[in-house]
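Inspection log for the structure reproduced underneath, given as structure tokens.
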Amino acid sequence: MNPSDTAAPPRAPDPPRRHAPPGPRPAAPARPRKRVLQRIRLWDRWLSPLALLIAWQLGASLGLIPDRLLPAPSTVAATAADLLGDGTLAEAITVSLQRVLTGFAIGSVAGIGLAVVTGLSRWGESLLDPPMQMLRTVPIFGLIPLFILWFGIGETPKVALVALAVAIPLYINTAAAIRGVDAKFREVAAVLGLSRAGVVRHVVLPGALPGLLVGLRLSLGSAWLALIVAEQINADAGLGFMVNSAREFLRTDIVVLGLLIYSVLGLLTDALVRFTERRALAWRRAFDAR
């Protein structure tokens with residue numbers, strides 16, 4: 001028997017595969033829309049100040065607000081242009097910013113350093129927290145005469161006052177945030193074998209970052225408040241000196257201009273911290289009130 005007679009019959013070709021029709025592609029994340037909403041929300045914070053400015057101008061134009069008590073925004077803007085032209089305003093803003101930045105740098109380092117020691121050590125809390133709480137209850141502006149006796153009438157008492165105004169709220173919020181870190185995270189760090197420095201870097205500081213940023217916003221506001229008072233006492237330059245000199249000559253427009261510049265600078269620094277907060281805490285999903 002021939003082996004070829006018992007060979008299997010040739011295999012029929014496979015039918016062509018029918019590819020399933022392509023389904024709808026998953027929608028791409030709506031990043032452009034998200035960016036537009038973020039920009040709209042950013043400008044939303046300027047709507048209320050602009051509305052107040054418009055209402056102020058209307059009240060002054062209609063005679064509802066006496067010009068001798070509160071000059072119109074147009075008058076204040078004209079005064080600002082004159083002071084910018086002769087360099088007085090730019091010099092005053094530069095001097096004030098230097099004082100705030102120097103005092104803020106000193107106060108933030110001191111406040112965060114003391115908060116870390118207090119939050120991580122029971123001995124540190126027992127030794128450092130009572131004096132800081134006592135200092136918190138002392139009227140900070142009542143320390144001006146004492147600072148003048150200690151440091152004289154130069155730049156040192158003004159910077160020291162700003163530094164103290166920054167350190168206290170930053171210390172309180174940061175220390176509370178460190179103590180509020182969940183103990184389970186520390187247990188996980190212990191299981192992973194992290195050193196104490198590693199626990200501080202990878203567990204404590206990220207967990208306390210939201211509270212630290214809140215304290216940063218509060219401390220910036222306190223810094224501007226302290227600067228307003230410090231610059232009106234034994235000062236020969238700065239926004240406070242300009243406002244105090246204008247008060248003696250009954251220049252209400254310059255007084256209002258100085259206060260507006262203080263408020264705008266405070267709003268800008270707060271916006272800078274909020275921007276940092278959005279970047280640093282992008283992982284945190286905040287409650288969206290609608």
Side-chain angles (χ1 to χ4, degrees), residues 46 49-50 52-53 56-57 60 67-110 140-141 143-167 216-276:
W46 294 93
L50 289 176
L52 290 174
L53 193 64
W56 177 13
Q57 180 65 45
D67 189 69
R68 62 183 180 84
L69 298 180
L70 188 62
S74 57
T75 304
V76 177
T79 303
D82 294 338
L83 294 178
L84 280 174
D86 59 15
T88 302
L89 187 58
E91 180 184 0
I93 293 175
T94 302
V95 172
S96 295
L97 282 176
Q98 289 177 350
R99 289 168 178 163
V100 165
L101 292 177
T102 306
F104 178 78
I106 298 173
S108 59
V109 170
I140 189 172
F141 301 138
L143 297 174
I144 294 177
L146 192 59
F147 279 13
I148 292 176
L149 291 175
W150 287 353
F151 306 117
I153 58 175
E155 292 295 312
T156 305
K158 302 175 184 59
V159 173
L161 193 68
V162 173
L164 184 60
V166 168
L216 196 63
R217 294 180 63 186
L218 294 175
S219 62
L220 280 172
S222 300
W224 289 110
L225 291 176
L227 183 68
I228 292 174
V229 177
E231 286 189 335
Q232 294 184 14
I233 300 176
N234 295 324
D236 55 0
L239 288 172
F241 172 74
M242 185 184 72
V243 169
N244 196 35
S245 300
R247 178 182 59 85
E248 295 179 357
F249 292 98
L250 301 179
R251 291 293 305 272
T252 313
D253 53 345
I254 298 180
V255 174
V256 174
L257 174 63
L259 296 178
L260 285 177
I261 292 175
Y262 275 125
S263 61
V264 171
L265 290 175
L267 189 61
L268 289 176
T269 52
D270 183 75
L272 180 61
V273 177
R274 288 174 61 87
F275 175 79
T276 305

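Residue numbers start at 1 and run along the sequence shown.
Contact detail for Ala223 and Val162: the closest heavy-atom pair is CB-CG1, 3.9 Å. Taking each heavy atom of Pro71 and Val256 in turn, the nearest pair found is CD-CG2, 3.9 Å. Contact between Ser96 and Leu227 at its shortest, heavy atoms only, is O-CD2, 3.7 Å. Closest of all the heavy-atom pairs between Ser74 and Gln57 is N-OE1, 3.1 Å. Residues Tyr262 and Gly240 come closest through the heavy atom pair OH-N, 3.0 Å. Shortest non-hydrogen contact noted between Val255 and Ala246 is CG2-CB, 4.0 Å.
No donor-acceptor pair under 3.5 Å is formed between the side chain of Thr102 and the backbone N or O of Arg99.
Here Leu239 contributes atom CG and Leu260 contributes atom CG; the two are 11.5 Å apart, rounded to the nearest 0.5 Å. Separation of atoms OG1 (Thr79) and CG (Leu89) is listed at 10.5 Å; rounding is to 0.5 Å. Atom-to-atom distance recorded for Leu146:CG and Leu161:CG is 11.0 Å, nearest 0.5 angstrom. Between Asp270 atom CG and Phe275 atom CZ the span is 14.0 Å, to the nearest 0.5 Å. Here the CH2-CG distance, from Trp224 to Leu267, works out to 11.5 Å after rounding to the nearest 0.5 Å. Considering CZ of Arg217 and CG of Leu272, their distance stands at 11.5 Å, rounded to 0.5 Å.
In this structure, Val159 and Phe151 have side chains that are not in contact, with every pair of non-hydrogen atoms separated by 4.5 Å or more. The side-chain heavy atoms of Leu257 and Ile261, taken from C-beta on, include a pair separated by under 4.5 Å.
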Any chance you could lay out the side chain to side chain contact (heavy atoms under 4.5 Å, CB included) test for Ile148 and Ile144, step after step, and finish with the verdict?
-> CA-CA 6 Å; Ile148 292 176; Ile144 294 177; 3.9 Å; yes

Evaluate the criterion side chain to side chain contact (heavy atoms under 4.5 Å, CB included) for residue pair Leu70 and Trp56; output intermediate values, then yes/no.
-> CA-CA 9 Å; Leu70 188 62; Trp56 177 13; 3.5 Å; yes

Run the side chain to side chain contact (heavy atoms under 4.5 Å, CB included) check on Phe104 and Thr269 step by step: do they pass?
-> CA-CA 12 Å; Phe104 178 78; Thr269 52; over 6 Å; no

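Between Lys158 and Glu231 there is no salt bridge, since none of the side-chain N atoms of the basic residue sits less than 4.0 Å from a carboxylate O of the acidic one.
Legend: salt bridge (charged side-chain N to carboxylate O under 4.0 Å, His left out) pairs involving residues 70-94, not counting sequence neighbours: none detected.
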